[in-house]
K.L.:
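Below are the structure tokens for one structure; questions will follow.
The figures here come from the full heavy-atom set of this structure, side chains too, leaving out hydrogens, waters and symmetry mates.
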Amino acid sequence: MRSDTIRLRSIVPPAAMSLAVLALVLAFPRESVEAGLTGVAIWWDVLFPSLFPFFVVSELMLGFGIVHFFGKLLDPMMRPLFRLPGPGGFVMAMGFASGYPVGARLTSQLWDARLVNRSESERLVAFTTTADPIFLIGAVAVGFFHDATLAPLLAAAHYGGAVLLGLLLRLQSRGEPAETNAAEDGGPKRPLLLRAFDAMHDARLKDGRPFGELLLDGIRSGLRLIVVVGGLVVFFSVVIEVLTLARVVTAMQGIVAFALGLFAIPAPLAEAVVNGLFEVTLGAKTAGAATGVSLQAQVAIASFGLSWAGLSVHAQIMSIVSHMPVRYGKYAVAKALQALFSGAIAYFAWPLFAPFRDSTAAWIPDASPSGWSAAAAYAPFAGLAFLISLAAVPVVYVVYRLLRPLVRLR
């Protein structure tokens with residue numbers, strides 16, 4: 001009897017929600033089709049050109065052992081900082097540079113290669129799921145806020161919140177080894193750079209696929225993944241539209257407006273919070289279009305939504321790591337914490353950032369290209385984010401070593 005009750009509790013809620021969505025789609029057929037077409041446009045114009053190349057390149061980098069090379073180099077720093085193996089540093093850099101869901105994709109590949117365990121994979125997926133610089137600059141700062149000078153603050157809040165989350169999640173791994181084992185390479189300890197090249201060479205020999213096969217496998221897996229991402233974007237575009245037409249979103253906005261009022265946050269931003277709960281692009285766009293509120297509050301709410309990433313991105317991540325023991329509950333809590341960190345950084349750093357806004361306009365293209373031209377216009381910032389992310393690991397490690405005697409991190 002008890003087992004039957006448990007089964008009903010696990011089956012009835014999702015079945016009821018599916019039937020409710022189906023009923024709403026049938027009640028608003030024309031609007032559902034239009035919302036689906038909007039989702040397809042977002043996928044083709046934004047996601048396909050910005051994500052698909054990274055999916056293919058990640059397969060090539062893993063096959064050629066480049067991930068293992070950076071992993072060996074970063075291992076002495078990643079373990080004390082985040083209690084993660086060295087390849088996690090490469091995943092962090094690629095995730096920050098290329099945006100969601102590339103971090104999850106790379107973590108999945110590390111899991112398949114048995115380079116991370118369950119705890120490490122859960123924590124790595126959580127804090128490397130971020131927006132990419134092209135989206136932050138081209139879509140959010142320029143496209144939604146019409147102010148390219150907001151890009152540095154958005155980036156600092158977004159990626160700073162991710163790093164803080166990674167440092168916080170290390171507390172979950174107490175009891176795991178925090179330092180690398182000097183004897184793991186066998187024999188006399190060789191210079192780190194030589195060991196990194198050895199790791200890359202061994203990984204390449206172990207993989208063994210020629211370049212043509214690697215490229216073909218990368219394109220095949222990339223196409224499968226990008227189609228899944230597109231399907232989820234279309235699905236959530238339709239769900240948000242029908243829930244809006246059914247006044248469900250309006251009711252949620254009332255509840256959120258009341259909660260925001262408790263923290264003296266303007267009620268007009270409730271719509272941005274609710275929209276961002278479902279879809280990150282819609283949430284950021286609504287925050288940028290809000291009227292009657294300060295720009296400081298708008299940027300803070302946009303940063304909150306960008307780090308939460310929306311249920312649409314959550315579904316993408318869970319579909320990628322479905323073969324891994326990653327629990328959605330822990331992932332959702334981690335993203336909520338990251339959203340709070342990012343929103344707080346954006347809000348409280350505003351007074352420090354505001355005087356320098358004019359000086360940032362010179363090096364950010366103040367245009368609003370759309371579609372594939374946006375990826376080309378802001379592509380250099382993705383490469384810059386990759387290099388900064390790699391450099392951030394040793395910088396944070398130095399700070400960690402300096403502060404460790406004071407705060408006694410364990």
K.L.:
Would you check if the side chain of Glu31 reaches a backbone N or O of Glu241 as a donor-acceptor pair within less than 3.5 Å?
P.N.:
no

K.L.:
Does some side-chain heavy atom of Leu110 sit less than 4.5 Å from a side-chain heavy atom of Val67?
P.N.:
yes

K.L.:
Between the side chain of Trp43 and the main-chain N/O of Ile226, is any donor-acceptor distance below 3.5 Å?
P.N.:
yes

K.L.:
So does Tyr347 have more than 12 non-hydrogen atoms from other groups sitting under 6.0 Å from OH?
P.N.:
no

K.L.:
Between the side chain of Ser108 and the main-chain N/O of Ala104, is any donor-acceptor distance below 3.5 Å?
P.N.:
no

K.L.:
Is Glu120 reaching over with its side chain to a backbone N or O of Asn117, donor-acceptor style, under 3.5 angstrom?
P.N.:
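Confirmed, Glu120 side chain pairs with Asn117 backbone.
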
K.L.:
Taking atom types as modelled, find out whether Ser303 and His158 have a side-chain donor-acceptor pair closer than 3.5 angstrom.
P.N.:
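The criterion, which ignores hydrogens and geometry beyond distance, is not satisfied for His158 and Ser303.
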
K.L.:
Check whether any side-chain heavy atom of Lys285 lies under 4.5 Å from a side-chain heavy atom of Asn275, and answer yes or no.
P.N.:
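No, too far: nothing below the 4.5 Å cut-off.
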
K.L.:
Side chain of Ser121, backbone of Thr107: donor and acceptor closer than 3.5 Å?
P.N.:
no

K.L.:
Is there a donor-acceptor pair under 3.5 Å between the side chain of Arg170 and the backbone N or O of Leu81?
P.N.:
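Present.
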
K.L.:
Under a 4.5 Å cut-off applied to non-hydrogen side-chain atoms, are Leu311 and Val239 in contact?
P.N.:
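Counting from C-beta outward, Leu311 and Val239 never come under 4.5 Å.
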
K.L.:
Does some side-chain heavy atom of Pro85 sit less than 4.5 Å from a side-chain heavy atom of Val116?
P.N.:
yes

K.L.:
Does the plane of the ring in Phe48 sit parallel, tilted or perpendicular to the ring in Phe52? Use 30° and 60° as the thresholds.
P.N.:
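Phe48 vs Phe52 ring planes: parallel.
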
K.L.:
Start with the C-alpha distance between Phe127 and Leu84, add both sets of side-chain angles, then the distance that settles side chain to side chain contact (heavy atoms under 4.5 Å, CB included), and finish with yes or no.
P.N.:
CA-CA 12 Å; Phe127 84 93; Leu84 291 170; 3.6 Å; yes

K.L.:
Run the side chain to side chain contact (heavy atoms under 4.5 Å, CB included) test on Phe64 and Leu214 for me, step by step, so that the C-alpha distance in whole Å, both residues' side-chain angles and the decisive distance to 0.1 Å come before the verdict.
P.N.:
CA-CA 9 Å; Phe64 285 127; Leu214 263 177; 4.0 Å; yes

K.L.:
Determine whether a donor-acceptor pair (N or O, by modelled atom type, separation under 3.5 Å) exists between the side chain of Tyr100 and the backbone of Ala309.
P.N.:
no

K.L.:
Should Val233 and Gln316 count as side-chain neighbours, where that means a heavy-atom distance under 4.5 Å?
P.N.:
yes

K.L.:
Do Leu167 and Val163 come close enough that some side-chain heavy atom pair is under 4.5 Å?
P.N.:
yes

K.L.:
Who pairs with Ala246 by side-chain contact (heavy atoms from CB on, under 4.5 Å), at least two apart in sequence or on another chain?
P.N.:
Leu24, Val248

K.L.:
Any side-chain donor-acceptor pair under 3.5 Å between Arg83 and Ser119?
P.N.:
no

K.L.:
Is a donor on one side and an acceptor on the other found under 3.5 Å between the side chain of Arg105 and the backbone of Gly222?
P.N.:
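Answer holds: no.
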
K.L.:
List in chain and number order the residues that pass side-chain contact (heavy atoms from CB on, under 4.5 Å) with Glu213, two or more places apart in sequence or in another chain; answer none if no residue qualifies.
P.N.:
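Glu213 satisfies side-chain contact (heavy atoms from CB on, under 4.5 Å) with Arg209, Pro210, Asp217 once adjacent residues are dropped.
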
K.L.:
Does Lys72 come within less than 4.0 Å of Asp75, counting only side-chain N to carboxylate O?
P.N.:
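Judged by the 4.0 Å cut-off on N to carboxylate O distance, Lys72 and Asp75 do not form a salt bridge.
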
K.L.:
Go through the side-chain N and O atoms of His314 and Tyr331 and say whether any donor and acceptor fall under 3.5 Å apart.
P.N.:
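His314 vs Tyr331: no donor-acceptor pair found between side chains.
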
K.L.:
Looking only at heavy atoms, which two atoms of Gly276 and Trp308 are closest? And how far apart?
P.N.:
O-CD1, 3.4 Å

K.L.:
Counting neighbours of CZ on Phe258 that are heavy atoms of other residues, nucleotides or ligands and sit closer than 6.0 Å, is the number greater than 12?
P.N.:
no

K.L.:
Keeping Ser221 on the side-chain end and Gly218 on the backbone end, is there a donor-acceptor pair under 3.5 Å?
P.N.:
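Judged by distance alone, yes, a pair lies under 3.5 Å.
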
K.L.:
Got a donor-acceptor contact below 3.5 angstrom from the Gln298 side chain to the Ala287 backbone?
P.N.:
yes

K.L.:
Do you know the tightest heavy-atom contact between Phe82 and Arg123?
P.N.:
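Scanning both residues completely, I find the closest heavy atoms to be O-NH1, 2.8 Å.
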
